[in-house]
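Down below is the structure, laid out as structure tokens.
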Amino acid sequence: MPSGSYDFDRLNDTSYQTDRLMQQARAIRGMEAAILRQAGIQGAHDVLEIGCGPGFVTDLLAELAPNGSVHAVEPSATLLSQVEGNVKSRPERGLHLHQAFGNALPLADAAIDFSYARFVLQHVPDPLSVVAETFRVTRPGGRFCAVDSDDGLVIVHPEEPRVAAILQQAQAIQASQGGDRFIGRKLQGMMVAAGFSNVRTRVLAMTSSELPFGVLFNILLGYKASLLGDAVDSRKLYEELAADVAAGRRLLAAGVFVVTGERA
Ligand SMILES: C[S@@+](CC[C@H](N)C(=O)[O-])C[C@H]1O[C@@H](n2cnc3c(N)ncnc32)[C@H](O)[C@@H]1O
């Protein structure tokens with residue numbers, strides 16, 4: 001089985017990718033805090049973050065569960081080593097770092113109240129095994145929230161052939177590495193299959209009128225352009241799209257799936 005489509009240490013533009021994750025986290029921090037509260041995170045929860053990357057969202061989880069704990073799980077040692085530096089305040093019961101994959105969590109059964117996986121499951125070859133493992137570590141009454149994209153929700157109007165080409169090629173490359181650019185629509189079924197109940201799906205839409213163009217471009221195309229390496233001049237594309245958007249000639253929109261389930 002392929003190892004997945006996000007092996008940080010094999011990406012050819014690691015500092016750009018870290019910067020992209022930081023921008024993504026900062027730009028929607030307020031919105032994300034509201035999503036997490038609505039999904040059920042509480043101040044004294046034991047929280048698990050699967051695929052925490054450099055820890056920009058871990059910082060938000062620590063802020064939202066100040067009287068609990070945060071377990072940050074990440075396979076890349078390089079990324080995990082950055083987490084401490086990016087988390088401003090430690091929850092009362094600690095910040096615990098684990099170098100591990102999501103389908104083999106180094107946690108006891110029923111140890112966690114709230115789990116979060118953000119833009120992770122699209123990169124995992126067998127996402128259902130991660131959802132099932134999350135179910136195992138969730139306490140009765142605990143919850144899991146997964147946030148992920150789905151290329152079916154990407155709109156560029158008027159269409160831009162280079163964007164369509166990037167999307168198509170990146171879908172194929174990511175799939176060949178075990179990832180899935182259409183994961184968003186599948187999360188609900190996976191949570192149900194893993195045993196979660198009360199599973200709910202929301203789609204959050206973001207447009208180029210609401211988010212700074214650079215942030216939306218990076219969410220839509222940043223990672224994909226890096227998959228393609230030099231095959232696309234993404235700087236030129238960026239500048240041309242930015243000019244179109246600033247002049248109101250072109251609209252970009254994307255949707256993100258937010259799926260929440262509960263362990264009965
Ligand atoms: C696009 S990044 C998202 C990072 C972070 N969740 C965020 O939103 O900023 C995907 C992350 O998932 C991690 N990852 C990849 N495969 C994984 C797996 N099987 N289990 C857990 N994490 C994984 C990667 O190392 C990377 O940190």
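When a ligand or atom number is given, it counts from 1 through the structure's own listing order. Position 1 is the first residue of the sequence, and the numbers go up from there.
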Please lay out, stage by stage, how R29 and D59 fare under the test salt bridge (Lys or Arg N to Asp or Glu O under 4.0 Å).
CA-CA 10 Å; R29 190 172 169 108; D59 180 53; 3.1 Å; yes
Can you list the ligand 1 atoms lying under 4.0 Å from a non-hydrogen atom of G53?
27 (O)
Please state whether F119 comes within less than 4.0 angstrom of ligand 1, counting heavy atoms only.
yes
Quick check: F196 with F135 (ring centres under 6.0 Å apart)?
yes
Distance alone, cut at 3.5 Å: any donor-acceptor contact between the side chains of E92 and N67?
yes
Closer than 4.0 Å to some heavy atom of F101 - which atoms of ligand 1 meet that?
18 (C), 19 (N), 20 (N)
Please list, chain by chain and in numerical order, all residues satisfying ring-ring contact (aromatic ring centres under 6.0 Å, His included) with F114, sequence neighbours excluded.
none
Give yes if a backbone or side-chain nitrogen or oxygen of E49 is under 3.5 Å from a nitrogen or oxygen of ligand 1, and no if not.
no
Close-contact set for ligand 1 against L79 heavy atoms, below 4.0 Å:
27 (O)
Where ligand 1 meets G102 - atom numbers and elements under 4.0 angstrom, heavy-atom basis
18 (C), 20 (N), 21 (C)
Ligand 1 contact by P75, heavy-atom criterion under 4.0 angstrom:
yes
Residue pairs involving residues 73-83 (criterion salt bridge (charged side-chain N to carboxylate O under 4.0 Å, His left out); sequence neighbours excluded)
none
With no hydrogens and no angle check, do the side chains of D113 and Q42 hold a donor and an acceptor under 3.5 Å apart?
no
Quick note on ligand 1: atoms under 4.0 Å from a heavy atom of H123 include exactly 1 (C), 10 (C)
